[in-house]
Amino acid sequence: MDNPKIIICDCDHKDVDTEKAVFDAAGYDFKWLHCQTQEEVIEQCQGAVCFLNQYARMDKKIFEAIPTLKFVVRYGVGVDNVNLEDATAYGVQICNVPDYGTNEVADQALALMMSLTRKSYMIGNMTKAGVWNYIEAVPVHRLSTRTVGLIGAGRIGTAFAERVKALGCKVIAFDAAYGQPGFHTADFIEYKETVDEVLSEADILSLHCGLTPETKGMMNAAAFAKMKDGAYFINVARGGLVDEDALEAALSSGKLAGAGIDVVCAEPLSKDSPLFKHENVVVTPHMGWYSEESAVELNRKCAEETVRFMKGEPVHYPVNHPKV
């Protein structure tokens with residue numbers, strides 16, 4: 001037990017009871033650590049074969065210093081903290097859990113959209129302050145007359161699209177993987193050939209794509225300029241997709257009617273951020289993934305994926321394909 005092959009290297013959850021149940025049933029020991037830096041990971045995790053990883057950067061520095069490491073599963077969908085080229089070069093299998101919070105994130109996007117378009121957040125605060133006047137919310141538009149645009153139409157984007165379609169909205173989308181093998185289309189979504197088409201046609205724009213070198217900062221001043229005047233913007237994907245200065249400028253100029261944000265470039269968002277000065281901005285603390293049920297599912301699937309790897313079985317959620 002002093003040097004288990006499975007280490008939860010940097011998890012800040014309140015407990016790891018779910019993981020323990022999975023590992024106990026499979027007959028594996030593990031260790032739960034709270035490493036804050038790569039140096040702490042290297043010092044405390046020697047001999048590990050598998051990491052369950054939350055925040056710590058996984059790259060050449062780790063892979064060289066811990067040569068026994070052959071598997072990393074991320075607590076979540078994104079693998080922003082992993083250098084996939086390094087992992088592949090060092091023969092380290094990287095996995096994530098892409099489907100644990102699909103409904104929750106789609107619900108969060110819907111909640112932000114409804115709060116913005118019905119202006120319930122803004123007008124609710126006014127009512128608490130003693131202003132009882134619906135005129136303060138003008139204009140509010142019938143949702144069945146609105147076009148919702150998605151950038152990214154994978155699991156979460158499509159789940160969100162199903163929800164807004166039920167409200168009568170028209171749904172359009174751009175996804176770089178459209179038309180490729182394995183991409184699942186929905187007959188009620190109108191897929192566009194370019195991002196610009198979605199930007200220019202959407203009354204409500206919602207981001208559901210991954211953060212890559214190609215998508216980093218994609219929502220910049222030029223992108224916001226292409227959007228409809230008075231459009232709403234929602235981001236439940238990754239903060240790095242957005243140039244926050246450009247977003248603030250689009251809000252200040254009145255170009256955007258409002259924004260709903262669950263993710264930002266540097267979390268937590270500073271209380272001094274100029275985004276907070278806007279009454280038509282709703283910011284939530286990267287909670288879109290969360291429900292009691294999704295939290296348990298995430299922990300369980302991370303542990304189950306680790307057990308599969310340890311037993312030499314095919315993993316369910318490979319992100320890279322290192323040579324064995």
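For the numbers below, each heavy atom of this structure counts, side chains included, while hydrogens, waters and symmetry mates do not.
- Looking at Leu256, Leu205, Val148, Leu116 one by one, the single match for side-chain contact (heavy atoms from CB on, under 4.5 Å) with Tyr232 turns out to be Leu116.
- Judged by distance alone, the side chain of Gln108 and the main-chain N or O of Asp262 form no donor-acceptor pair under 3.5 Å.
- When all heavy atoms are compared, the tightest approach of Ala48 to Ile66 is O-CG2, 4.1 Å.
- Looking only at atom types and distance, the side chain of Asn103 has a donor-acceptor partner in the side chain of Arg163 under 3.5 Å away.
- Here CG of Leu52 is found 8.0 Å from SG of Cys9. Values are rounded to the nearest 0.5 Å.
- For Glu305 and Arg308, the salt-bridge test passes: some basic side-chain N is under 4.0 Å from an acidic carboxylate O.
- There is a side-chain donor-acceptor pair under 3.5 Å between Gln93 and Asn320.
- No donor-acceptor pair closer than 3.5 Å links the side chain of His184 to the backbone N or O of Gly154.
- Between Phe309 and Phe71, the two ring planes are parallel [angle under 30°; tilted spans 30° to 60°].
- Salt-bridge annotation for Asp59 and Arg57: present, with a side-chain N of the basic residue lying under 4.0 Å from a carboxylate O of the acidic one.
- Judged purely by distance below 3.5 Å, without hydrogens or angles, the side chains of Thr284 and His286 never pair a donor atom with an acceptor atom.
- In this structure, His13 and Trp289 have parallel ring planes: the angle between them is below the 30° cut-off, well short of the 60° mark.
- Note that the CG atom of Leu207 and the CZ atom of Phe233 stand 4.0 Å from one another [nearest 0.5 Å].
- Defined by atom type and a distance below 3.5 Å, a donor-acceptor pair is present between the side-chain atoms of Glu104 and Ser291.
- For the residue pair Asp99 / Tyr317, a side-chain donor-acceptor distance below 3.5 Å is found, with atom types taken as modelled.
- Nearest heavy atom pair, residue Ala153 against residue Ala173, reads CB-CB, 4.1 Å.
- The pair Lys119-Glu279 does not meet the salt-bridge criterion, since no charged nitrogen lies less than 4.0 angstrom from a carboxylate oxygen.
- Gln36 and Asp10 share no side-chain donor-acceptor pair at under 3.5 Å.
- A salt bridge between Glu190 and Lys192 is present, with a side-chain N of the basic residue lying under 4.0 Å from a carboxylate O of the acidic one.
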What do the steps show when you test Glu39 against Lys61 for salt bridge (Lys or Arg N to Asp or Glu O under 4.0 Å), and what is the final call?
CA-CA 9 Å; Glu39 288 72 23; Lys61 182 176 180 178; 2.3 Å; yes
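- With no hydrogens or angles considered, a side-chain donor-acceptor pair links Glu248 and His278 at under 3.5 Å.
- Counted by atom type alone, Thr194 and Glu197 present one or more donor-acceptor pairs between their side chains at under 3.5 Å.
- A salt bridge links Arg146 with Asp203: the distance from a Lys NZ or Arg NE/NH1/NH2 to an Asp or Glu carboxylate oxygen falls below 4.0 Å.
- For the atom pair SG of Cys45 and CD1 of Ile6, the computed distance is 13.0 Å after rounding to the nearest 0.5 Å.
- At least one donor-acceptor pair under 3.5 Å links the side chain of Thr117 to the backbone N or O of Met113.
- Inspection of the Asn81 and Asn53 side chains reveals an N or O donor paired with an N or O acceptor under 3.5 Å.
- Contact between Ala161 and Ile189 at its shortest, heavy atoms only, is CB-CD1, 3.8 Å.
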